[in-house]
Number of protein chains: 2
Amino acid sequence: MTETASRPTLEAVAARAGVSRATVSRVVNGGDGVREPLVERVRRAVEELGYVPNQAARSLVTRRHDAVAVVIAEPETRVFADPFFALQLRGISKELTAHDNQLVLLLTEGRADHARVARYLAGGHVDGALVFSLHLDDPLPGLIQGAGVPTVFGGRPGWSDGTRDVVYVDSDNRGGAREAVRHLVGLGRTRVAHLTGPLDQTSAADRLEGFRDVRGDADPRLVVESDFTPGGGERAMRELLDRCPDVDAVFAANDLTASGALRVLREHGRRVPEDVAVVGFDDMLPVAEQTDPPLTTVRQDIEEMGRIMARLLLRGLDRGTTTTDDTPDASPSGVVLPTTLVRRASA
Amino acid sequence: MTETASRPTLEAVAARAGVSRATVSRVVNGGDGVREPLVERVRRAVEELGYVPNQAARSLVTRRHDAVAVVIAEPETRVFADPFFALQLRGISKELTAHDNQLVLLLTEGRADHARVARYLAGGHVDGALVFSLHLDDPLPGLIQGAGVPTVFGGRPGWSDGTRDVVYVDSDNRGGAREAVRHLVGLGRTRVAHLTGPLDQTSAADRLEGFRDVRGDADPRLVVESDFTPGGGERAMRELLDRCPDVDAVFAANDLTASGALRVLREHGRRVPEDVAVVGFDDMLPVAEQTDPPLTTVRQDIEEMGRIMARLLLRGLDRGTTTTDDTPDASPSGVVLPTTLVRRASA
DNA sequence: GACCCTCGCGAGAGCGCTCTCATCCCCCCT
DNA sequence: AGGGGGGATGAGAGCGCTCTCGCGAGGGTC
């Protein structure tokens, strides 16, 4: 029998403690400007009554919600096939929790949902938004900026017309890719190929850039477009082997692609890493450690990324109210997190 | 420059449409009992002003939030290494969205967070909760029931003292396990082993039960306890090979465990499925399809599970207010979803 | 010792909405 | 044609909280 009896209100606590509502409110919100004995008395009353503030009533007047929306645009199932978002969410959750904020999760499924999300954000239900938009042509970021809600993006938004400041957090995809390719080169490999991700995603585009930074002069046939999936990796690897049978190193845009490539390599009797060295990207644990041989890859600290996104948003919330914070010394609009090369057996 | 100008209120819409607040409210909430021309006029005013109801004000009086908490207790990192929750969340999100409910995500990290979650739920910030508790000794479910919030559990809660009705949704772990083992037996295998999951989780315990249903009389050495991880699978498989070198079939409690077992089998020169047939559980795509050979496994529809959980909760919310709904014809307290065997190459 | 300033506390107004009532109008029934 | 009923609309209270003010008490200064 769960009590339908209504929860105690501020009023009730005030009555019990023999003080005014205002004083209880002060104590509940930090207790500044209230003398110790009173604070104590109120605390006890709160305790005894099991009082919990009514967030709706509070929000109504403060216009604060202590809630942040996390928007994950998920055009593809792939997104959910890897633990990327889960880790990111964990980081976000930790940071939010530490600052007493709630996490409202908004998953979008196609265009129809965009309007819904935009309306929700515009409705002022949350204090800010953390948005993951992976595609260059995604209209969502624009809509969200239009909603006038402080926002931090996860991953560099492809869309950047320069007219607005965009705050984002991203891994150093380009630098990581460079490191991966340099490692391959350092191994003495001369025919280094790259299996890209879908190039309409900034992460994939940036990794390709990194590859080009080191091997800009490479045979263009050594770059094969793929799609971040194992199946795509297989296809791309087949094509690569077909085009350039003499390839001796492969930098795959992510671990899943690498796993597909590995399979095809084995199938073709190429030894890894002896004949062909392979490096992945992400360090997706269940994949990278399970491949045969275990994958050398570029690790990014995904959880930390989430944490920093949340931190940035919360910090922005504290000072300004809008995204376009125009203090000249405003925090950098893009935070890029370092990556590290994890050496296993494949390269 | 995002407008700090306050959003239009009901009052403003009423003024513009030349009607009373009450009428606008009626229109906004469905328009019943308002004549067509008026409805039209109000709709237009809403449109022109870009009015969005203030949820806080609304909740304050209705005591409804149109929000549901999803609580994921995450004692282990493992939980996040597989896409299980992501899929579940997706299903939940879809259903919630379809009913205009928001999803508040509560991730817990250890005991300290339990109190936080309990307080939050007790605080009446959400209308109900969807809870994933995986461990037998988890105190969270109890706390949550204490909070007096309508709740649906994901997975059969180990804890069940029988004093309360518990609504939960689960896969047919036991039946799926039976099917897997029968498949192995049907292949003519006689020395069928089981690598269990952590037995303090009901899913693992249920799968073991399923195994026993078919092979209750099996040599006890054929059951090796493991932990749902690839590493654990390797260890368990080694031990199994050590104990029973003549084993000719393995039912692993999940795909990750199977992948570890597969590796050890290969290492020991056993051919799969010729020498040893292997079946997993979960049909975790990035894993099950990537193993060598591809894994025969038991699939559960995880997304559907999430959807059903949400549906159950929402339905309960509509009629009663408490968990302990005492209508005699109440919906079943446990919904068990079917599983299907997916045949690939490993068995 | 009188003055002023400060600090602690209480009173009261309202945040934007819903919902109950009372009112009013129109239509139907006799 | 008059009365009654019912449905459509408006008025107003109040949900639980915060926050501004004002008042009173205490301490410092000369």
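Per chain, numbering begins at 1; letters A, B, ... match sequence-line order.
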| query | Do B:R43 and B:E47 come within less than 4.5 Å of each other through their side chains, counting heavy atoms only? | reply | no
| request: When you get a sec, tell me which of C:dA11, D:dT9, C:dT18 is the closest nucleotide to the side chain of B:S25? | output: C:dT18
| query | Rounded to the nearest Å, what distance is computed from the NE2 atom of residue B:H65 to the P atom of nucleotide C:dG16? | reply | 18 Å
| request: Tell me which nucleotide among D:dC15, D:dG10, D:dT9 gets nearest to the side chain of B:V19. | output: D:dG10
| said: Quick check for you: among D:dT20, D:dT9, D:dC17, whose closest atom lies nearest to any side-chain atom of A:N54? | reply: D:dC17
| message | By nearest heavy atom, map B:L10 and A:S20 onto DNA chain C; which one lands nearer the 5' end? | response | A:S20
| field | Interatomic distance where CZ belongs to B:R35 and P belongs to D:dA8 [whole Å] | value | 6 Å
| said: Output the rounded distance in Å from CZ (A:R64) to P (D:dC19). | reply: 11 Å
| remark: Rounded to whole Å, the CD-P distance (B:E11 to D:dG12) equals 12 Å
| Heavy-atom side-chain proximity of A:I92 to A:V70 below 4.5 angstrom | yes
| Hey, are the side chains of B:V335 and B:M305 touching, using non-hydrogen atoms and a 4.5 Å cut-off? | no
| field | Integer-rounded Å distance: D:dA8 P and B:R21 CZ | value | 21 Å
| query | Does A:T62 make a side-chain N or O approach to OP1 or OP2 of D:dT18 shorter than 4.0 Å? | reply | no
| field | Geometric class of the A:Y120/A:H125 ring pair [parallel <30°, tilted 30-60°, perpendicular >60°] | value | parallel
| task | Just compare D:dC17, D:dC15, D:dC19 and give me whichever is closest to any side-chain atom of A:Y51. | result | D:dC17
| said: Please report the distance, rounded to the nearest Å, between CZ in B:R26 and P in D:dA8. | reply: 10 Å
| said: I want to confirm an ordering. Mapping B:G18 and B:V61 to their closest nucleotides on DNA chain D, which one lands closer to the 5' end? | reply: B:G18
| message | Is the phosphate of D:dT9 approached by B:T23 (side-chain N or O, under 4.0 Å from OP1 or OP2)? | response | no
| task | Determine whether B:T23 and B:V34 make a side-chain contact, defined as any pair of heavy atoms from C-beta on separated by less than 4.5 Å. | result | yes
| message | Without decimals, in angstroms, what is the distance between B:L60 CG and D:dA13 C1'? | response | 13 Å
| request: Check whether any side-chain heavy atom of B:V28 lies under 4.5 Å from a side-chain heavy atom of B:R58, and answer yes or no. | output: yes
| note | To the nearest 10 degrees, the angle between the two end axes of the helix from C:dG1-D:dC30 to C:dT30-D:dA1 (five pairs per end) comes to 30°
| For A:D113, all residues meeting salt bridge (Lys or Arg N to Asp or Glu O under 4.0 Å), sequence neighbours excluded | A:R116
| task | Select one nucleotide: of D:dG10, D:dT18, C:dC17, the one nearest the side-chain heavy atoms of A:N29. | result | D:dT18
| request: Starting from P on D:dC15, measure out to CZ on A:R7 and report it in whole angstrom. | output: 17 Å
